[in-house]
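First listed ligand is number 1; within each ligand, the first listed atom is number 1. Because the structure is predicted, anything quoted here is derived from the model rather than measured.
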Amino acid sequence: SRTSGTSQPDAATSALRLAELTGVGRHEVAITMGSGWRPAADILAAAADEVVDLTFAQLGGFPTSTAVPGHRPSARSMRFGGRRLLVFLGRVHAYEGHPLAQVVHAVRLSCAAGASTVVLTNAAGGLHPDLRIGQPVLIADHLNLTGRSPLTGPIFTDLTDAYAPRLRALAREADPCLVEGVYAGLPGPNYETPAEIRMLRTLGADVVGMSTVHETIAARTEGAEVLGLSLVTNLASGLTDVPLDHREVLAAGAASAQRIGHLLADLITRF
Ligand code: 6GU
């Protein structure tokens with residue numbers, strides 16, 4: 001199926017291009033690096049072999065412009081701990097106005113390339129009072145509050161265990177201090193009001209962000225297992241006097257790079 005009536009290639013075509021560009025028949029694990037996770041991705045790449053850098057344009061199917069500071073979307077194929085990884089540095093966000101088919105294209109192409117494990121990372125605001133800036137949170141479940149789904153038609157994907165209990169157990173083995181939480185996915189691009197943050201707490205959310213939920217739905221529909229990790233880059237509005245700013249998102253990522261980079265590296269060897 002073609003995306004959004006454009007002449008963009010579908011997931012299978014992009015996966016074929018990936019195979020041609022890398023000479024690799026199957027990528028087993030896909031990882032999307034959200035805002036602030038770039039330094040962690042570099043730690044991973046430094047310990048990997050056979051790193052091949054790819055542009056979104058080479059793979060096809062992505063929007064031609066994505067302009068968020070600190071997001072320079074590209075991809076990297078690498079061999080790490082005997083596994084073939086496809087790492088996306090940056091993602092397409094729904095708040096940029098792109099069709100959800102493009103938002104989830106990285107996930108669908110990964111699944112078409114053979115990925116059975118999809119790791120989704122993001123930057124998030126902390127809602128739970130115990131959360132601290134720079135802390136990684138294992139996503140236990142989500143609230144899709146965007147009002148939209150990447151699926152169309154009678155595709156009634158089961159989202160029980162959307163975030164695989166098996167993978168969550170592996171993550172807790174890798175980092176016994178890792179806490180779990182519920183991720184609220186909002187449309188953005190504005191941050192929330194203090195009243196909305198109180199609402200999200202009432203709804204049972206622990207962290208809040210503007211990504212991941214559509215990608216999880218797409219990955220589960222393709223049958224992949226999903227592991228979600230949020231990096232708390234700021235406290236949500238009403239919980240702090242610090243004004244919310246995209247720059248602190250990037251700063252928190254740089255400060256936590258060692259911890260979250262090594263967490264990812266350790267995790268991958270356990271998959
Ligand atoms: Cl406080 N809200 C949302 N929606 N996304 C975020 C965030 C807050 N902090 C980082 N990303």
Chemist: Applying salt bridge (charged side-chain N to carboxylate O under 4.0 Å, His left out) to Arg201 and Asp206, what does each step give before you reach the verdict?
Modeler: CA-CA 7 Å; Arg201 277 304 288 154; Asp206 299 301; 3.1 Å; yes

Chemist: With respect to Asn122, which candidate in Thr233, Thr212, Thr32 satisfies the side chain to side chain donor-acceptor pair (under 3.5 Å) definition?
Modeler: Thr212

Chemist: If you count only heavy atoms, which residues are under 4.0 Å from ligand 1?
Modeler: Ala123, Ala124, Gly125, Tyr191, Glu192, Val208, Gly209, Met210, Thr233, Asn234, Ala236, Leu244

Chemist: Is any NZ, NE, NH1 or NH2 atom of the basic residue among Arg259 and Asp175 found under 4.0 Å from an Asp or Glu carboxylate oxygen of the other?
Modeler: yes

Chemist: Without hydrogens or angle criteria, can the side chains of Tyr163 and Thr216 be said to hold a donor-acceptor pair below 3.5 Å?
Modeler: yes

Chemist: Once you measure the plane-to-plane angle for Phe88 and Phe62, does it fall in the parallel (<30°), tilted (30-60°) or perpendicular (>60°) bin?
Modeler: tilted

Chemist: Are Met78 and Leu227 connected into the same hydrophobic cluster when the rule is that any two of I, L, V, M, F, W, Y join if their side-chain heavy atoms are below 4.5 Å apart?
Modeler: yes

